[in-house]
Structures are given as C-alpha cells and as structure tokens.
Amino acid sequence: MTVSARLSVVVPLHGGEEHAEECLESLRDQTLDDMEVILVGRPRGLRPPDHRFTLLTLGDGGDDPGTARNAGAAFATGRYLAFADPGSVVPADAYRALVGALDRTGSDLACGRIRTWTPYAPDQAPVPAQKAKLRTHITRHQKLLDDPRAGGTVFRREFWTRHGFAFPAGLGEDFPVTIPAHVLSTSADVLGDVVCLTRGSRPPADPLRRLEAMLQVSDLLGRHAPQLRTAYDLRLAEGPDLDAVLEAVRDRVPARLAEVLGRLGRLDPGAVERLPVLRRLQIHLAAHGMTGELAELRTFAASEIRHRGVLRRGLRPRRWYLDYPFRRDPRLPRSLFDATRDLRLVACVDDVRHADDRLALTGHAYIAHLDSGRSRIELWLQRGEERITLPVRRTRRPDVTADSRQSVACHDDSGFETVIALDTLPAGRWALHARVRARGVTRAGRAIGAQGERVFDAGNVRVSLTRDRGLTLGPRAGGGPHPDPGGHVSRVRWTESGELVLEGTGRCPAGRIVLERGAERHSWPVRQDEETWTAAVGRTSEGLPLRSGTWRVLASSPAGGDARVRLSPALIADPPRPRVTGFHEISVRTSRDGDLSLAVRPALGPHERGPYATRRRRAAAPRRTILRDAAVFDSYGGGQYSCNPRAVSEELARRHPDVEIVWVTRDGQFTVPPGVRLVLYGSREHEEALRTSRFVVANRRTQPGWYRKPRGQTVVQTWHGTPLKRLGLDLEGMPYAQRVPRDELARQVATWDLLLSPSLFATSALRGAFGYEGEILESGYPRNDVLFDPARARAARRRLGLPDDRRIILYAPTWRDDTNGRLALDPVRAAGALGDDDVLLVRAHYLVARDMTIPDGDRIRDVSKFPDMADLLAAADVLVTDYSSAMFDFACTGRPMVFFTHDLERYRDEVRGFYFDFEAEAPGPVLGSADDVLDVLRYGDLGQFAARYERFARRYCPWDDGHASARVVARMRP
C-alpha cells in the first residue's frame with residue numbers, strides 16, 4: 001500500500017537550468033520528514049538525488065513553467081503542496097517550519113520571507129528573523145500584496161483542490177495564484193524567517209498577458225476583498241506593464257487588446273483619482289477606444305510634456321489644471337486635468353555635516369509645477385506628535401531647476417540650510433519634515449535623502465541619511481560603532497592631474513582596487529607601506545576617464561574574489577565634496593554599511609543641463625552671428641571618434657589645415673589627434689562652436705534641443721550605414737522599434753544642407769525615411785576609404801597583436817530593439833570550434849557593449865571598444881553578422897560574409913522590417929543556427945556566392961573607391 005507524503009514539492013524543469021542541481025541538493029537536505037519532490041517538464045541530464053524525487057516528463061508544454069507546475073500539482077500525493085523554482089535554494093529547516101505552522105494552526109497556507117541571493121548578499125550572511133503572524137489574513141496583513149511569489153509558500157492541498165487553483169500557461173508568474181489564494185483563505189501563517197533564496201528576477205513576461213492577469217486579480221479583489229482593491233489597482237495603474245501595453249497601441253487595435261483596454265474603465269475610482277493627470281488621461285482614452293488621441297498623447301509625453309505647466313481656472317474655488325492635450329475637448333471630463341495630485345512636495349536633504357555638537361543640513365524643497373520664488377519653506381524634527389521647529393536660511397539652487405526635468409517652473413530659490421543643535425536634542429528617534437507654501441498651495445511631508453546613503457555617529461546621536469527615509473536621528477547603537485576591518489579608506493584626496501587617491505591604515509588585503517559598473521571593470525594597483533596603503537584611481541588602461549554612471553569600489557585580492565571597499569566612520573561623517581576633473585564631475589557616495597562608490601557624470605553646470613536651461617538659452621540666443629572657418633564633428637551623439645565624420649574630419653584637416661576642427665564628446669570616451677579641440681556635449685563651448693562654425697558634420701540626428709542653425713552654416717548629415725532596416729518615418733507599425741517623434745525628426749532634418757549617400761538605393765530609402773527634400777551627394781561612404789588602403793589593415797592587425805598568417809573572423813551583430821542585446825553566437829564556444837589559426841573578434845553593438853563581458857584569449861578578442869569599426873573591417877578576413885549595415889561596407893573588400901539570422905522572421909516582420917528581400921540578396925549563406933555558422937566557417941565553400949556578391953556590391957556600394965572623403969570635402973570647400 002502506497003502512503004501519501006506529508007509535503008509534495010513541485011519543481012518545473014525544461015532542461016539546462018544553470019543552478020538546478022543546487023536547488024535539488026537543498027531539497028534533499030530538508031529536515032522535514034516524509035516529503036516528495038516532483039521534477040516536472042523535461043529534466044534532461046539531471047539525476048534525482050534520492051528515492052524521494054520523482055521524474056514526471058511532459059511532451060507538449062514541457063517547457064512552460066505554469067503547465068509543468070499544474071501537472072506536478074495534479075500528480076502530487078502530499079497533504080501539503082509547495083513549489084520551488086530551479087534557480088532557488090530552500091534553507092534546510094524552511095519546509096519543516098512552514099508545515100509545522102500549518103499543523104498547529106489549521107491555516108490554509110503558510111509563507112515566509114524570500115531573499116534575493118546576490119554576490120554581495122551570500123546565503124551565509126545572517127538575517128534577523130521577524131515576528132511571525134499566525135492565523136492572519138491578507139486583509140489584515142496587506143504587505144502580502146508586495147511579494148506574491150509562490151517559492152516561499154506551502155498550501156494545504158485540500159484548499160488548493162477545492163478552489164481549483166492553476167498557474168496560467170505561458171505567463172511564468174505566481175501572483176494569479178498566490179494573491180487569490182490569500183484572499184480566499186480563511187487564514188494564513190506568515191513566518192518571520194527566510195524560507196527561500198532566489199537568484200533574482202525571471203525572464204520578463206508578455207506585458208499584455210500580465211496586465212490581463214492583473215485585471216482578473218483586481219476583479220477578484222472587488223468581489224472578495226474590496227478593501228484591498230484600491231491599493232492593488234493603484235500599483236497596476238502605475239506599473240510598467242500598463243506602460244508597455246499603452247505604448248504598443250496603434251490606430252488598429254486587435255480585438256484581444258481592445259478588450260483588455262476596455263476593462264481599464266473598471267479600475268477602482270479611488271485608485272484612479274490618486275494618479276497623475278497623464279496616467280488618468282491615458283487610462284480614460286484607452287478605456288473609451290480613443291486610440292488616435294492616445295497616440296497623440298504618447299507623442300506629447302515623449303517630447304512636449306516637460307514644457308507644459310499648470311493653469312489656474314475657476315472662480316470658487318479656483319483650481320489648478322495641467323495644460324495637456326484635449327483640455328478643451330468636450331468629450332473629456334474636466335476633472336481628468338485636475339493637477340491636485342501632480343502638485344506634489346519635492347523635499348530632499350542633499351548633505352549633512354557634523355561639527356561642534358551641531359549638524360549642518362543643506363537641501364531643497366518645492367512644489368512641483370510651481371515657481372519657488374515666493375514660496376515659504378518650514379522645517380521641523382518630528383517624533384510622534386512632538387515637533388522641534390528648525391531655523392531656515394534660504395539659498396540659491398539653480399542646479400535644482402536644472403535637474404527637475406522640466407522647462408516651465410523655476411526652482412532656483414528652493415534651497416535651504418539649517419542647523420540642528422545636538423546637545424539640546426531630546427532623546428528619541430526624530431525625522432526631518434518639510435512644508436512648502438506656494439501660490440496658495442500647501443504641501444507637507446517627510447524629506448527624502450539624495451543619492452547615496454550615510455549612517456554615522458555624532459556624539460551620542462546616530463545620524464542616518466537614506467534615500468527613502470531621509471534624515472533620521474536616533475540614539476547611538478549600544479557599545480558604539482563596530483570596529484572597521486583592515487583595509488578601510490581613512491583618507492581621500494585629489495591630485496593636480498585629476499587622480500583620486502585612496503589611503504588606508506593597516507594592511508590592505510587586496511592587490512588591486514577595482515571599479516565596477518555592470519560588466520565593465522577597471523583596476524589600479526595598491527601600494528603597501530609599513531602602516532598604510534595607497535591606490536591612485538585615474539585613467540583606465542585604455543587611457544580614458546571613467547564613463548558616466550555609478551561605480552562600485554572593490555578590493556581584489558591576489559587569491560581571487562572581490563570585497564567592497566568601505567570608508568572609515570570619520571569619512572562617512574565628512575565625505576569629500578564633488579570634484580570636477582576633465583569632462584566629468586565625480587562624487588563620493590556610500591551605502592548604509594559604508595560601502596564606497598563613485599558617481600560620475602558630465603561636468604555640465606546648472607545653466608548648461610536640463611530643459612529649463614535649454615529654454616533660457618533659446619531665449620538668449622543672438623539673432624545674428626559671424627561664422628568662422630571652423631567645423632564641428634559629431635559621431636554617434638558624441639560617443640566616438642569614428643565613422644564618416646572621422647574620415648571627413650581627417651581629409652578636411654589634410655586639405656585645409658587653416659580650418660579649426662572641433663569634435664563633440666558626450667562622455668570623454670575617445671581621444672583625438674593633436675590640433676583637434678574637444679568640447680563637452682551640451683556645454684557653453686559646444687554651444688559657441690555650433691553657433692559660430694561654418695560647418696557641422698554628424699552621422700546621427702543628435703543636435704541639442706537648443707540648437708538653432710545660423711544663416712550661412714552648412715550642415716552635412718553623413719548618416720552611418722546603408723539601410724537594410726527601416727528608419728524614421730518608415731517605422732510606423734513596428735511596435736518594438738525606437739522611434740523619434742515626428743516633430744523632432746522634422747526639426748532635425750530641416751537643418752540639413754547635404755545628405756551623403758553610398759548608392760541610388762540608399763538615396764531613395766533615406767529620402768523617404770527622413771522626409772528629406774534637400775541636396776544629396778552620391779559620393780560613397782567616407783568611412784569606407786580605409787578599406788581600400790592596405791596600410792590601414794596592417795596597422796589594425798598590429799594594434800590587435802595579430803600576425804598576417806592568422807585568419808580573422810569578425811563577429812559584429814546589430815542592435816536589437818526588442819531584447820537586451822545578448823550575443824546569439826556564444827563567443828567562447830565559437831572560438832573553441834574554429835581552427836588553430838583562426839581568431840574571433842567580437843564587436844558588440846555600442847549600445848549594449850558596456851553591459852557585456854566577453855573573455856579575451858589567444859583565439860578570441862573583445863573589440864567592442866576598438867575606436868573605429870572601419871579599421872576592424874579592413875583587418876578582417878571574414879565577417880559574421882546578421883542585419884548590420886557593416887555588410888554593405890564590407891562588400892567593398894570582396895571578402896566573404898556569413899549571416900547568422902536566428903530570429904529572421906520576427907526581426908523582419910515585427911521588430912524593424914526590411915527595405916528589400918534580404919534572404920534573396922544576401923551575399924553569403926543565411927543561417928539559423930550557431931552550429932550551421934561554425935560548420936560554414938570551418939568547411940564551407942563561400943566562393944559559391946561570388947555572383948550574388950558581385951550583384952550586391954554593384955547595387956549597394958557602387959561609388960566606394962577610396963576617394964569618397966575627398967569628394968565630400970571638395971563639396972564643402974570647393
């Protein structure tokens with residue numbers, strides 16, 4: 001006779017899960033007796049750890065987690081039912097604690113805390129337990145709405161079966177089951193311990209399917225728990241899924257999408273009233289089928305919303321309304337435009353310093369959409385109902401206006417300073433609050449903290465400045481601060497050359513200091529003396545400054561492994577001020593634990609950045625200017641010294657050395673030849689150069705919003721490739737493509753005097769895509785001149801350290817609008833499968849290259865940061881790409897190409913669309929699998945495509961002959 005298990009745990013598997021074995025090991029080690037584990041799906045290559053594990057293989061649907069879970073639940077025999085993700089780890093006592101609670105209380109389900117497992121929060125780090133809440137309910141414990149994952153939950157199987165719970169197929173989400181289960185339960189047990197460790201988020205689900213499921217949950221809450229519906233619908237309405245669905249709405253709406261949009265009209269009115277005007281408008285238009293107006297509103301939100309402010313209308317009472325589209329449309333209720341919710345308090349503590357028993361605070365406070373010039377700011381510390389009023393000194397803060405992302409209201413007068421006397425502060429926990437009165441509107445609330453978080457002791461007071469809770473003052477922790485481990489930073493200073501010097505006392509356990517941002521890492525050596533250690537952080541090994549962003553500072557030991565670098569308590573209390581070095585402003589930031597980070601951003605002043613500054617500059621721009629013999633060059637929006645602008649720049653310098661050459665850099669991430677001047681994108685120097693130079697040469701639509709072309713200036717738009725993929729105006733109907741608003745595209749195109757074209761095909765495609773009616777110079781592409789210069793190919797090989805006898809295969813896929821840009825061809829596997837004399841160069845697209853890690857070795861090189869793609873094409877023997885315009889350039893060389901197009905139908909029909917039949921015209925094999933690509937590279941006869949290759953080159957690069965740059969310069973300077 002078969003005895004039912006006490007607990008059944010279902011694990012969905014589709015094969016190849018990276019951490020599945022660790023998950024199964026954690027289930028094997030559970031201290032709960034009498035449990036079974038059901039592995040459902042297609043668990044290829046996994047061996048069950050012991051007799052308690054059962055394999056349940058599925059055919060159709062085996063790859064879908066929802067289908068697999070449902071099948072496992074139907075197969076289960078246990079009194080209780082649980083689900084574990086293959087990427088998670090379950091602590092040894094978790095199921096015993098959850099099942100034990102259910103045995104004692106009789107509740108329908110039990111859950112505990114789920115913790116994300118990251119490299120900086122390993123499973124052995126202690127997590128304080130919270131107080132358990134037994135026999136509770138989601139209506140009394142509404143935090144259960146926050147994390148509705150099933151991985152930390154055990155269900156009573158009779159309860160599960162009675163309500164017929166099932167995970168939606170194809171969705172990969174838990175909330176359609178967990179939230180209804182909590183709502184329909186008589187009671188639930190919520191434990192305070194961590195019962196599941198997960199390695200982060202799952203692959204994103206389809207937004208429309210998620211939104212459908214969320215609306216179904218909303219309807220259930222309306223029937224069974226109306227007190228929860230307002231909070232739930234507010235999250236739904238503010239969430240990214242609704243954003244994505246609304247973004248995809250076009251004039252023709254499929255029936256399923258129209259049905260979902262119509263259901264938005266049933267959202268809880270109390271939730272909708274709390275939304276900003278823009279979202280209320282979007283929901284109303286979508287729910288009433290006004291798709292044309294919704295598209296117009298989408299364009300407005302992308303380009304104009306920052307330039308619209310509030311209007312005061314009505315007699316008694318006078319109310320504020322936002323000046324948004326359709327404000328006078330009689331079909332829309334006026335209440336949709338009521339700005340009450342948009343007039344929110346913005347209050348922030350930017351810095352706090354301790355000296356002489358006092359805390360000196362600086363910050364800013366204003367009401368969104370209202371000028372701060374005549375506003376009144378009040379500050380106080382609050383503990384319960386008790387308040388301590390603080391003195392307020394107003395300060396000028398033009399940086400606040402610059403960072404407010406709008407151009408209508410001026411917040412230059414929103415700054416404040418105040419002082420807190422610690423010696424007279426009563427004991428207890430105090431929080432900083434602010435009140436702002438402006439234009440008859442009053443808003444009050446707790447001030448937040450600026451970027452970065454600091455916790456330090458000032459005498460007997462623990463000072464905490466965090467992003468979400470702002471400034472709090474409480475009693476110092478018992479026993480004083482914990483001693484810092486050796487290797488912490490006790491001093492930070494800057495050198496005259498712009499290096500950041502970190503100094504510490506004692507023995508530093510690391511050999512190098514590493515700065516890490518995403519997949520990008522740079523390191524500098526640590527110099528150890530008898531009692532101190534020092535590391536100077538400056539330019540990277542490529543000779544460039546750090547790019548903009550927030551960089552974690554790590555200590556890398558010779559034995560392997562990284563640890564966060566921490567500041568000493570004294571430095572946390574008094575960190576160095578931001579420093580401008582070169583084109584960047586660098587700020588020192590810490591976490592609550594004192595972990596050090598560096599925040600880097602372009603060194604633009606408050607009158608140079610932001611929409612308000614743009615408006616000021618437009619108003620102050622002189623009507624007439626005298627042009628000088630200078631040329632401004634911009635490649636990829638200031639991102640590179642490359643492409644057609646580089647070729648034209650160098651040819652212009654050779655032929656006309658009297659012309660000043662100015663290059664625009666957005667982030668200082670390239671170097672230029674001697675005699676060329678670099679200016680920071682958006683700076684006063686950039687503005688002056690654009691206003692006074694006779695020529696402007698660019699390869700994208702990247703001129704700043706304040707740019708107004710002076711009379712007599714010549715703008716040369718070189719573009720950056722022959723278009724296979726649709727562009728500009730031709731992207732209508734492609735939901736994933738990134739589009740420029742029509743009015744912005746028209747503004748940019750109107751400034752062009754000359755558009756370069758490499759072929760008659762490109763001339764026609766570019767005219768239609770941009771709506772351009774001006775002069776086109778059919779010159780060929782200047783960037784391809786180097787492909788006719790053998791010396792450039794040899795120089796590129798030398799720079800890469802590759803001899804002439806090795807075959808270079810360049811893998812250069814294009815940007816994909818609908819994905820994160822992962823490489824479809826595994827570089828390590830490909831390099832291992834190629835011949836001994838082959839070397840694989842991997843060139844990730846510049847939009848995603850910084851987020852990738854591509855290993856370097858003898859047979860594989862990451863050339864994503866190589867300055868110019870043209871040099872790589874010159875050096876390559878074979879090009880492997882997909883839909884990149886590099887194919888048209890490389891056709892000039894006559895060397896073979898291989899096309900890896902694993903997503904051809906989707907990319908062609910849904911993502912971008914093509915201008916011609918790519919499969920019919922591609923000058924090489926079009927392949928759908930990595931194995932086929934590797935086979936062709938090893939054994940294929942690429943010469944069989946010679947006739948097609950010749951036709952391709954004749955059509956798409958007929959004028960490339962090594963002299964295109966000269967033709968362009970001759971047109972600019974006859």
Validation row: Asp189, Leu109 side chains within 4.5 angstrom (heavy atoms): no

Atom pair CZ/CZ of Arg552 and Arg517 - distance to nearest 0.5 Å: 10.5 Å

Step-by-step side-chain contact (heavy atoms from CB on, under 4.5 Å) determination, Phe918 to Leu904: CA-CA 9 Å; Phe918 173 67; Leu904 175 60; 4.1 Å; yes

Contact summary for Leu825 and Ala930, nearest pair of heavy atoms: CD1-CB, 3.7 Å

Chi angles and distances behind the salt bridge (Lys or Arg N to Asp or Glu O under 4.0 Å) call for Asp917, Arg908: CA-CA 10 Å; Asp917 188 343; Arg908 178 192 61 208; 6.0 Å; no

Identified side chain to side chain contact (heavy atoms under 4.5 Å, CB included) partner of Ser185 from the options Thr136, Asp108, Ile138: Asp108

Whether Arg280 side chain and Leu275 backbone form a donor-acceptor pair below 3.5 Å: yes

Distance, nearest 0.5 Å, that separates CZ of Arg726 from CG of Leu731: 8.0 Å

Shortest non-hydrogen contact from Leu278 toward Ala301: CD2-CB, 4.1 Å

Any Arg52 side-chain heavy atom under 4.5 Å of Met35 side chain: yes

Spacing of His288 atom NE2 and Leu285 atom CG [to the nearest 0.5 Å]: 9.0 Å

Evaluation steps, side-chain contact (heavy atoms from CB on, under 4.5 Å), between Leu724 and Met887: CA-CA 10 Å; Leu724 163 65; Met887 73 176 77; 3.9 Å; yes

Electrostatic pair Arg263-Asp219, nearest N-O below 4.0 angstrom: yes

Report all side-chain donor-acceptor pairs from residues 227-234 shorter than 3.5 Å, counting only partners two or more places apart or in another chain.
residue	atom	partner	partner atom	Å
Arg229	NE	Ser218	O	3.3
Arg229	NE	Ser218	OG	3.0
Arg229	NE	Asp233	OD2	3.3
Arg229	NH2	Ser218	OG	3.2
Arg229	NH2	Arg266	O	3.0
Thr230	OG1	Asp268	OD2	2.8
Asp233	OD1	Ser218	OG	2.7
Asp233	OD2	Ser218	OG	3.2
Asp233	OD2	Asp268	N	2.9

Flag, side chain of Ser26 to backbone of Cys23, donor-acceptor distance under 3.5 Å: yes

Under 3.5 Å donor-acceptor, Thr105 side chain and Ala101 backbone: yes

Donor-acceptor pair, side chain of Gln30 and main chain of Val90, under 3.5 angstrom: yes

Atom pair OG1/CZ of Thr198 and Arg149 - distance to nearest 0.5 Å: 5.5 Å

Residue pair Cys111 / Leu144, side-chain heavy-atom distance below 4.5 Å: yes

Derivation of the side-chain contact (heavy atoms from CB on, under 4.5 Å) call for Asp174 and Arg69: CA-CA 11 Å; Asp174 298 345; Arg69 284 176 161 186; 2.6 Å; yes

Gap between atom CG of Leu27 and atom CG of Leu32 - 0.5 Å precision: 11.0 Å

Donor + acceptor pair across side chains of Ser864, Asp862 (<3.5 Å): yes

Shortest non-hydrogen contact from Val154 toward Ala82: CG2-CB, 4.0 Å

Atom of Ala71, atom of Val40 and distance for their closest heavy-atom approach: CB-CG1, 4.1 Å

Heavy-atom pair of closest approach, residues Ala84 and Val9: CB-CG1, 4.1 Å

Student check: side-chain heavy atoms of Leu134 and Ser107 closer than 4.5 Å: no

Thr31 versus Asp93, side-chain donor and acceptor atoms under 3.5 Å: yes

Aromatic plane relationship, Phe914 with Tyr883 - under 30° parallel, 30 to 60° tilted, over 60° perpendicular: tilted

Residues Asp730 and Tyr915: side-chain donor-acceptor under 3.5 angstrom: yes

Salt bridge flag under 4.0 Å for residues Arg209 and Glu173: no

Side chain Asp64, main chain Gly170, donor-acceptor under 3.5 Å: yes

Check: Leu81 and Val10 side chains under 4.5 Å, non-hydrogen atoms: yes

Euclidean distance, Phe165 CZ relative to Phe155 CZ, rounded to 0.5 Å: 7.5 Å

Identified side chain to side chain contact (heavy atoms under 4.5 Å, CB included) partner of Val880 from the options Val936, Val898, Val842: Val898

Side-chain heavy-atom pair Arg113, Leu191 within 4.5 angstrom cut-off: no

Main-chain N/O of Glu516 paired with Glu520 side-chain donor or acceptor, under 3.5 Å: no

N/O donor-acceptor pair under 3.5 Å between Arg28 side chain and Phe53 backbone: no

Partners meeting side-chain hydrogen bond (donor to acceptor under 3.5 Å, both in side chains) with Asp103 (sequence neighbours left out): Arg6, Tyr80

Main-chain N/O of Thr77 paired with Glu36 side-chain donor or acceptor, under 3.5 Å: yes

Pairing of Arg938 and Asp935 as salt bridge, 4.0 angstrom limit: yes

For the student: nearest non-hydrogen atoms of Ala286 and Leu294, plus distance: CB-CD2, 4.2 Å

Phe900 side chain near Asp882 side chain, heavy-atom distance below 4.5 Å: no

His137 side chain to His182 backbone, donor-acceptor under 3.5 Å: yes

Verdict with reasoning, Arg235 to Asp241, per salt bridge (Lys or Arg N to Asp or Glu O under 4.0 Å): CA-CA 10 Å; Arg235 297 176 195 185; Asp241 298 297; over 6 Å; no

Pairwise side-chain contact, Arg279 with Gln282, heavy-atom cut-off 4.5 Å (strictly under): yes

Any donor-acceptor pair under 3.5 Å from Arg912 side chain to Tyr907 backbone: no

side-chain contact (heavy atoms from CB on, under 4.5 Å) between Leu211 and Leu236, worked out: CA-CA 8 Å; Leu211 186 60; Leu236 183 158; 3.8 Å; yes

